[in-house]
Amino acid sequence: MSRLNATLDLLSELTRWRSVAGEKEAQRGLAAWLEQWMVDRLGAAVVLPVAAQSHDTPPLVHVRIDNGAERTVVLYNMYDVMPADDSGWDVPPFVGGLCDWPELGRVFVGRGAENNKGPVAAMLILLCELQQQRRLDFNIEILLEGEEEVGSGTLRRYLAQQPCPIAPAEAVLFPSLCEYGGGAPRVYLGFTGLATGRLSVSGGEWGGPSSAIHASNAGWIASPAWQLVNALNAIAPAADSGVLGRLMPDEEANLLLAALAESFSLEDELRFRRSQRLMIEGDTLSCLQTLLGSAVLTLAELHSDPPGGRGVIPYRASAELAFRIPPGFDQDAMIERARQRLVQPVLAGSELELFDSYPGIRFARSANGVDALIASYRALNATPQIWPWAPGCAPAYAFAAVAPAFLIGGLGHGGNAHAVNEFVTLEGLERFQQSLSLWLTGFNDPASGRVARHTRETPKTIKTGKKP
């Protein structure tokens, strides 16, 4: 069987598992299935058995491939995906299948095809091949989690243990399809931090209704829903679309952004967003500075109790939210400022509950694995964009005690992540495997720019709180 066919078979199997947040049995089933697959096909040893883990959260999959080497590389990935129903899909999202699209050719469509079951399947099939050919002279730690979409709490607590369950490694790679929209691949030298929580207003605590009452009383009884709107506006004014603050990237970051701006196309980046009101203006460099330098409060869901009560004044209203805070900001201070703004008497009854948080992190351009990643792209005629950090969030901070860099990398074209008709091109899967093979085998080549082996630092405290 060809590498591509083996990858599609594995991707089809992974797609059928509804591994979304809240589907605990499906997530647990897929985790156990992946663990056994790696034991059978890769000869991996189980480090943290799925069967021994709590049923309260999606289990981690942690296995080790011992090649008898002195060095270790960590491969991190995720098996959780976003929810989906069949509406609008060319094939059912949790069945998946091949389609022929006029502009892209042959594609695999299914939930997780791009983010991130496609890369997981391609990574595992490639590892089988490289192991059989004895082409890797290092040990491999594989970590697959089921909470990447909701904050990676279990993973971060696991890695915060002392001693850390993973020994010091050369580098950590998050294999992913990084030719976003078919454009230039990206190399991120850091990631934005994330803090998730809930802002709620209960009527009975400030003189509002303690139970739902008829909406005809709206002229003289205050509504928790409107109090919630006021509280949100106090934290992050609606006119700024949730922006909490901005900082100007430092000199090192600006040098990278200036080089990026020379080839970066705002038109290409925003071509799918032209129908939406954009909160940026200025030249390419200033727009990039604004994007990376903005700490933002994003709203995921707004609720009122009782739900669907158009004819009542609710007794409670709440917002599921996230603070997305770049490296360079004091995350704790920013969240504390938000709390203090809610203390005003006019916002009585407002409560900000923090579920979980991790800070942003940056690492050096010279960090181990960066040159090998860039070289893997260039070998396949791709010119990478180098970003000082990603505007998106990832649990990179959790790996600070393991390796000097947490890289997300891999060629390949996919799209519609989190949306209808999520896909990966078949050419993209093959290209992804080619680039990942080059990165992995690049560690065998001194010319790849490999630096001294990482030594463990004392892990910093990982802040955790109540789970949602």
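This is a predicted model, so every value here is computed, not measured.
- Without hydrogens or angle criteria, Trp439 side chain to Gly410 main chain gives no donor-acceptor distance under 3.5 Å.
- In this structure, the side chain of Ser435 engages the main chain of Leu411 through a donor-acceptor pair within 3.5 Å.
- Judged purely by atom type and a 3.5 angstrom limit, Asp250 uses its side chain to pair as donor or acceptor with the backbone of Glu252.
- Remark: aromatic rings of Tyr79 and Trp17 are distant, center separation not under 6.0 Å.
- Between the side chains of Asn416 and Asn421, no donor N or O sits under 3.5 Å from an acceptor N or O.
- Within 6.0 Å of atom CD in Glu251, 12 or fewer heavy atoms from other residues, nucleotides or ligands are found, so the atom counts as exposed in its surroundings.
- In this pair, Tyr76 and Phe406 present their aromatic rings tilted. The plane angle is within the 30 to 60° band.
- Under the side-chain contact (heavy atoms from CB on, under 4.5 Å) test applied with Phe174, the options Asn116, Leu75, Leu143 reduce to a single match, Asn116.
- No option in Arg186, Arg431, His413 other than Arg431 meets the side chain to side chain donor-acceptor pair (under 3.5 Å) test with Glu179.
- Between Asp56 and Lys24, no side-chain nitrogen of the basic residue sits less than 4.0 Å from a carboxylate oxygen of the acidic one, so the salt-bridge criterion is not met.
- Salt bridge absent: Arg337 and Asp330 never bring a charged side-chain N and a carboxylate O closer than 4.0 Å.
- Proximity of a side-chain donor or acceptor of Arg41 to a complementary backbone N or O of Leu127 within less than 3.5 Å is not detected.
- Outside the 6.0 Å centre-distance limit, the rings of Phe94 and Trp89 are not counted as a close aromatic pair.
- Ion pair Arg246/Asp240 not flagged as a salt bridge, since none of the NZ, NE, NH1 or NH2 atoms sits closer than 4.0 Å to an Asp/Glu carboxylate oxygen.
- At least one donor-acceptor pair closer than 3.5 Å links the side chain of Asn254 to the backbone N or O of Pro249.
- Checking side-chain atoms of Gln27 against main-chain N and O of Gly146 turns up a donor-acceptor pair under 3.5 Å.
- In this structure, the side chain of Glu129 does not engage the main chain of Arg3 through any donor-acceptor pair within 3.5 Å.
- Between the side chains of Asn77 and Glu148, no donor-acceptor pair of N or O atoms lies under 3.5 Å.
- At distances below 3.5 Å, at least one donor-acceptor pair connects side-chain atoms of Arg111 with backbone N or O atoms of Ala419.
- Panel note: side chain Arg324, backbone Thr298; no donor-acceptor pair is recorded below 3.5 Å.
- Between the side chains of Glu141 and Thr72, not a single donor N or O lies within less than 3.5 Å of an accepting N or O.
- Using bins of under 30°, 30° to 60° and over 60° for the plane-to-plane angle, the ring pair His62/Tyr158 lands in the perpendicular bin.
- Side-chain N or O atoms of Arg365 include none that pairs as donor or acceptor with a backbone N or O of Val370 at under 3.5 Å.
- Residue Val424 forms a side-chain contact (heavy atoms from CB on, under 4.5 Å) with just one option from Leu104, Asn115, Leu429, and that option is Leu429.
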* Can Thr57 and Glu147 be said to form a side chain to side chain donor-acceptor pair (under 3.5 Å), step by step? -> CA-CA 8 Å; Thr57 59; Glu147 294 179 299; 4.9 Å; no
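- The number of heavy-atom neighbours closer than 6.0 Å to CD of Glu427, taken from other residues, nucleotides and ligands shown, is 12 or below.
- Ring geometry, Tyr188 versus Tyr180: the interplanar angle falls from 30° to 60°, so the pair is classed tilted.
- If you check the side chains of Ser12 and Asp9, you find no donor sitting under 3.5 Å from an acceptor.
- Figure legend: Arg71 and Phe138 shown without cation-pi pairing, the cationic atom not lying both under 6.0 angstrom from the six-membered ring centre and within 45 degrees of its axis.
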